[in-house]
Asker: 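Starting off with a structure, shown below.
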Amino acid sequence: MSQTVTETKHISQKTDQYQGHDYYGVDALLSEDHLLARDAVRDWVKKEVSPIIEDYSNRAECPYHLFKGLADIGAFGPSIPEEYGGGGMDEIAYGVIMQELERGDSGVRSMASVQGSLVMYPIYRFGSEEQKRKYLPKLGSGEFIGCFGLTEPDHGSNPSGMVTNIKDDGDHVILNGAKMWITNSPVADIAVVWAKDEEGAIRGVIVEKGMKGFSAPEIHGKWSLRASITGELVFEDVRVPKANILPNVKGLKGPLSCLSKARYGIAWGAIGAALDCYDSALRYSLEREQFGKPIGGFQLTQKKLAEMITEITKAQLLTWRLGTLANDGKATPAQISMAKRNNVHMALEIAREARQIHGGMGITNEYPIMRHMMNLETVLTYEGTHDIHLLITGMDVTGINAFK
Amino acid sequence: MKLLVCISKTPETTAKISFSDDGTSFNSDGVQFIMNPYDEWYALVRAVELAESNGGEVTVLHVGESSSDIIIRKALSIGAHKAARVDAVPTSSMFVATQIVNYVKNNPQDIVFFGKETIDYNGAEVGSMVSEMLDLPYISFASKLEKQGDVFHCDRDIEGGIQTVELSPPFAISAAKGMAEQRIPNMKAIMMSKRKPLEVLEPFQVDEKVSISQYNLPPSKSGVKLIDADNMEELVRLLKDVEKVL
């Protein structure tokens, strides 16, 4: 067997030697669909993402060619029905796909979660049949890239305070306002934008690239998610046909249900980043010798590794149960908040501990650790901050709103 | 054109190997299994490519229990049209070869594909056994297979070079590295594979002529560490800090 290993793998620091870790045999809870999906995306990440991601991240450049690859592998809207260009898979399959993508890079996972959960999902859930037929197959195939506009420069954790608005103009509405921190916006063909109508109700509007008065400038200077492109959305008297309004939702529950989908994916994705850090740290601790033995033989290193795999195992079980609830349509937003908050924080702590095990090598791009750590700083606060998710749990258990 | 690809299940390449029952059986506890890479990457993918460009039907055949169904589904996801599984523990090369021969006698094929060997027992026996029993020409260790009109051109790896042969179906072939590239199934193909037929067959009885007396792990070798040519710092670090020769 060892002969084949040397024949098919070129051994170097840059080779992605990742292998999954399943301390509690959680794989036995997964179906064939889940395992096949996970392994396929893992293979795809090893082939397409790992060899290039340090370089793109280092240069703060988005690997645009991966949009096509993500579409081809089926990472855009895997749980959308096949007739609309999705994969027709269940929520756990969606979860394991996100896990494997984020094992590669949180930015690459973000490219896919925005397209699937924040663009395809609202159109599928709240759109007219015509809108579904027009946009979903093109979004699923990657012909169209989408983005999602909710957060504004002055309204992040409090989206209901948004000022972006639409005014009636016959067959059209006139859209004004600005959105901030929008993943994929500079390259997006369409944007699902949330804006208040004249009665103050929040509506979803599909804005297309090229509409007069619509621009999407890029945000530069990020030290995190450097391989993912982020921008603003600016609307100056943009005339949008009324046919582009999502007919089947009014109010904040529209965007919040999309965020629940995306946060659910992040809860899985964070496990991927944590697993990659743990996997690298475990291997390094057995290779790196100090005082005449591998550093993995010292108690303080073992404490770090043991705590890492304990936390990963807890997160795996938490997300598996959440996925089972989601498949039954029973996962509550508060349950999703708990998993997102717990798992992202867990992953960030593991990245920091893994960095220490790698010593100086941990700060270089010879290893994925520092990139994951910097990425996870974003993941900790986007799609609901670490603190806000805590308050959601607090409100859920006490029944008292502590937001305001 | 009917193409049969025989696939085996093997431990994944990083599995820790140990033996139980006084060294007479492989200990599969905690071992992850995969489709034998030579069967998957080279034989199956090339068969699927040939069917795509020339028309035809690819069947995957596996000898094993239902725990192998996930590997069969992966093969269907990669592009095989249908599958058959002989429901038995694959106890020996002769046992497996006999099951394949029995299947091909009932379901005649133009080409029977094998990987050049399985990465567990490294036997490379089944292909030649099947060819002998079916009286088929057999091209072993083939790294290229092209169809031109009614004939096939095939390169096979030989010591120090390549031998090119030409032949017509039916024949059997074992695939080596180079015959095709890895094909990663996408989500649609994975879902579609559930709708493809998988036939489960009773095994054909075989008189076992060989039994396993003992397995032993090879003696541990002194490690060889490969370092990337442009990673001088790591080389110096290893020579200085680990080997202490500088």
Asker: For the CD atom on Glu233(B), are there more than 12 heavy atoms of other groups (residues, nucleotides or ligands in this structure) within a distance under 6.0 Å?
Answerer: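 No, not enclosed.
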Asker: Identify which of Arg288(A), Lys47(A), Gln290(A) forms the greatest number of heavy-atom pairs closer than 4.5 Å to chain B.
Answerer: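 It is Arg288(A).
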Asker: For a quick test of reading the model, state the closest non-hydrogen atom pair linking Ile190(B) to Ala40(A) and the distance between them.
Answerer: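 Looking at all heavy atoms of both residues, the shortest contact is CD1-CB, 4.1 Å.
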Asker: Looking only at heavy atoms, which two atoms of Met187(B) and Ala37(A) are closest? And how far apart?
Answerer: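 Heavy atoms of Met187(B) and Ala37(A) come nearest at SD-CB, 3.6 Å.
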Asker: Which bit of Lys74(B) is near chain A, if near means a heavy-atom gap under 4.5 Å: side chain, backbone, both or neither?
Answerer: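 For Lys74(B), the contact with chain A is made by backbone and side chain together.
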Asker: For the atom pair CG (Asp39(A)) and CD1 (Ile70(B)), what is the distance rounded to the nearest 0.5 Å?
Answerer: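 Reported to 0.5 Å precision, the distance equals 7.0 Å.
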Asker: Got a sec: does the CD of Gln214(B) have more than 12 other heavy atoms crowding it under 6.0 Å?
Answerer: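 Counting neighbours around CD of Gln214(B), more than 12 heavy atoms of other residues, nucleotides or ligands fall under 6.0 Å, so yes.
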Asker: Looking at Ile184(B) and Ile73(A), what are the two nearest heavy atoms and their distance?
Answerer: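 Scanning both residues completely, I find the closest heavy atoms to be CG2-CD1, 3.6 Å.
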Asker: Drop me the distance from Asp33(A)'s CG to Ser77(B)'s OG, to the nearest 0.5 angstrom.
Answerer: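 One finds 9.0 Å between CG of Asp33(A) and OG of Ser77(B).
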Asker: Should Arg237(B) and Glu366(A) count as an ion pair when the cut-off is N to O under 4.0 Å?
Answerer: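 No, no charged N to carboxylate O under 4.0 Å.
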Asker: Is it the case that over 12 heavy atoms from other parts of the model lie below 6.0 angstrom from the OH atom of Tyr124(A)?
Answerer: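 Incorrect, the count does not exceed 12.
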Asker: So does Lys196(B) have more than 12 non-hydrogen atoms from other groups sitting under 6.0 Å from NZ?
Answerer: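 Yes, enclosed.
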Asker: Taking atom OH of Tyr24(A) as the centre, does the number of heavy atoms from other residues, nucleotides or ligands within less than 6.0 Å exceed 12?
Answerer: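 No, because the 6.0 Å sphere around OH of Tyr24(A) holds 12 heavy atoms or fewer from other groups.
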Asker: Around Leu235(B), counting heavy atoms of other residues, nucleotides and ligands shown, do more than 12 lie under 6.0 Å from its CG?
Answerer: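 Atom CG in Leu235(B) is packed in, count exceeds 12.
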Asker: Need one label for Asp72(A): side chain, backbone, both or neither, based on atoms under 4.5 Å from any heavy atom in chain B.
Answerer: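 Only the backbone of Asp72(A) comes within 4.5 Å of chain B.
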Asker: Would one find more than 12 heavy atoms of other residues, nucleotides or ligands at under 6.0 Å from atom CE of Met129(B)?
Answerer: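 Enclosed.
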Asker: What part of Glu32(A) gets closer than 4.5 Å to chain B, counting heavy atoms only: side chain, backbone, both or neither?
Answerer: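 Both parts, backbone and side chain.
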Asker: So which of Asp43(A), Asp22(A), Val41(A), Ile97(A) has the biggest tally of heavy-atom pairs under 4.5 Å with chain B?
Answerer: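 That would be Asp43(A).
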Asker: Counting only heavy atoms from other residues, nucleotides and ligands, does the tally under 6.0 Å from CD of Gln182(B) exceed 12?
Answerer: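 Result for CD/Gln182(B): enclosed.
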Asker: Please classify the contact between Lys194(B) and chain A as side chain, backbone, both or neither, with a heavy-atom cut-off of under 4.5 Å.
Answerer: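 The side chain, not the backbone.
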